[in-house]
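What you see is a predicted model, and the numbers here were worked out from it, not measured in a lab. For reference, positions follow the sequence shown, starting with 1.
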Amino acid sequence: DLRPLIALSTESLERRVAIETPEQTIPANGFPGKDWETCMTINDTWGYKTDDTNFKSADTLLHNLVDIASKGGNYLLNVGPTAQGIIPAPEVERLAAVGKWMKTNGEAVYGTSATPFKRLTWGRCTQKKDGADTTLYLHVFDWPADGKLRVPGLHNAVRSAYLLDGKRPVAAVVALGVFFWFLPYIYVFVFGRGLPWWVYALVALVVAVGGTHAVREIRRRLTASTKA
């Protein structure tokens with residue numbers, strides 16, 4: 001037997017589970033300890049409206065998606081088909097662009113949890129934990145003018161650092177609880193057992209003097225000495 005569809009409001013759900021569903025806004029800190037999702041339109045209105053052509057750009061949609069994921073929420077995006085059931089071309093173009101980005105970078109969104117940081121001036125962070133290891137996905141919205149991306153408050157040794165697109169390795173160092181690395185994309189850091197803290201402090205000092213070329217040389221020598 002078919003059962004009729006049941007419509008549930010936020011109020012009725014709240015009596016059974018802890019869930020929040022803000023509309024058209026992304027809360028500054030999410031809802032720690034609760035399941036939540038932001039419900040938002042792709043333009044300014046719910047459903048289809050002929051004269052509403054104020055579609056959000058693909059960049060805005062992706063920034064919203066990452067912002068929400070970094071706060072532990074889901075992104076419920078509304079699209080408006082016409083009376084004939086056709087999704088307007090501008091919406092299709094934007095959804096296709098988001099899909100293309102997700103094909104490469106979906107790992108940094110699907111199955112992740114909220115950022116461990118209070119604030120990152122250049123973008124957002126999502127994370128995944130696997131036993132004692134933690135993978136951080138760093139989403140860069142605004143690249144710092146000095147070319148150095150800083151993540152304050154981390155003291156772990158970096159096992160590896162690479163661009164998610166193509167798994168290309170990047171230079172990364174740690175000094176006094178601040179990680180530095182270079183190139184503006186999404187970076188992935190896997191933490192685990194590593195070299196003593198003073199090795200990273202030394203590398204950080206060399207970075208200040210010799211730049212990224214010196215970092216690569218030190219990493220090459222450290223790798224060679226480890227293999228030996």
Ser57: which residues meet the side-chain hydrogen bond (donor to acceptor under 3.5 Å, both in side chains) condition with it, sequence neighbours left out?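 Applying side-chain hydrogen bond (donor to acceptor under 3.5 Å, both in side chains) to Ser57 gives Thr60.
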
If the condition is side-chain contact (heavy atoms from CB on, under 4.5 Å), which residues does [X] pass it with, not counting sequence neighbours?
{"X": "Asn78", "value": "Thr41, Trp46"}
{"X": "Asp44", "value": "Asp52, Asn54"}
{"X": "Thr104", "value": "Asp165"}
{"X": "Lys100", "value": "none"}

Starting from Leu65, can I reach Phe141 by hopping between I/L/V/M/F/W/Y residues whose side chains sit under 4.5 Å apart?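 Yes, Phe141 and Leu65 fall within the same hydrophobic cluster.
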
ILVMFWY cluster, Tyr48 and Val79 together (side-chain gap under 4.5 Å):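 No, no single cluster joins them.
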
How would you list, by chain and number, every residue that makes a salt bridge (Lys or Arg N to Asp or Glu O under 4.0 Å) with Lys71, sequence neighbours excluded?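 For Lys71 the salt bridge (Lys or Arg N to Asp or Glu O under 4.0 Å) partners, ignoring immediate neighbours, are Asp67.
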
I'd like to check [X] versus [Y] (side-chain heavy atoms, cut-off strictly below 4.5 Å). Are they in contact?
{"X": "Glu20", "Y": "Glu37", "value": "no"}
{"X": "Gln24", "Y": "Cys39", "value": "no"}
{"X": "Leu136", "Y": "Thr134", "value": "yes"}
{"X": "Ile68", "Y": "Asn74", "value": "no"}
{"X": "Ile26", "Y": "Met40", "value": "yes"}
{"X": "Thr38", "Y": "Leu76", "value": "no"}

At their closest point, which heavy atom of [X] faces which heavy atom of [Y], and how far apart are they?
{"X": "Thr25", "Y": "Pro22", "result": "CG2-CB, 3.9 Å"}
{"X": "Tyr162", "Y": "Lys167", "result": "CE1-CD, 3.6 Å"}
{"X": "Cys125", "Y": "Leu120", "result": "CB-CD1, 3.7 Å"}

Keeping to residues at least two apart or across chains, list the salt bridge (charged side-chain N to carboxylate O under 4.0 Å, His left out) pairs with something in residues 21-32.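 Pairs touching residues 21-32 that pass the test: none.
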
Quick test of your reading: applying side chain to side chain donor-acceptor pair (under 3.5 Å), list the pairs with at least one residue in residues 108-121, sequence neighbours left out, ordered by first then second residue.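 For residues 108-121: none.
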
Looking at Lys56 and Asn43, would you say the former's side chain and the latter's main chain have a donor-acceptor pair under 3.5 Å?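 At least one qualifying donor-acceptor pair exists.
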
Ser70 (side chain) donor-acceptor with Ala114 (main chain) under 3.5 angstrom: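 Looks like no, no N/O pair under 3.5 Å.
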
Consider only side-chain N and O atoms of Thr126 and His139, and report whether a donor and an acceptor are under 3.5 Å apart.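 His139 and Thr126 do have a side-chain donor-acceptor pair below 3.5 Å.
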
For residues Glu107 and Tyr137, is any side-chain donor paired with an opposing acceptor at under 3.5 Å?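 The answer is yes; a qualifying pair exists.
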
For Phe31, what residues pass the ring-ring contact (aromatic ring centres under 6.0 Å, His included) criterion, not counting sequence neighbours?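 If we apply the ring-ring contact (aromatic ring centres under 6.0 Å, His included) test to Phe31, skipping adjacent residues, the hits are Trp36.
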
Contacts of type ring-ring contact (aromatic ring centres under 6.0 Å, His included), residue Phe117, not counting sequence neighbours: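 With neighbours one apart ignored, the set is empty.
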
According to ring-ring contact (aromatic ring centres under 6.0 Å, His included), does anything in residues 71-94 pair up with another residue at least two apart or in another chain? List the pairs.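 Of all non-adjacent pairs touching residues 71-94, none passes ring-ring contact (aromatic ring centres under 6.0 Å, His included).
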
Enumerate donor-acceptor pairs with a distance under 3.5 Å from any side-chain N or O in residues 82-93 to protein atoms, sequence neighbours excluded.
{"unit_1": "Thr82", "atom_1": "OG1", "unit_2": "Gln84", "atom_2": "N", "d": "3.2"}
{"unit_1": "Thr82", "atom_1": "OG1", "unit_2": "Gln84", "atom_2": "OE1", "d": "3.4"}
{"unit_1": "Thr82", "atom_1": "OG1", "unit_2": "Ile86", "atom_2": "N", "d": "3.3"}
{"unit_1": "Glu91", "atom_1": "OE1", "unit_2": "Gly80", "atom_2": "N", "d": "3.3"}

Return the CZ to CG distance between Arg94 and Leu62, rounded to the nearest 0.5 Å.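 Output value for this atom pair is 12.0 Å.
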
Between CG of Leu61 and CG of Asp59, what distance do you get to the nearest 0.5 Å?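 Taking CG in Leu61 and CG in Asp59, the distance rounds to 9.0 Å.
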
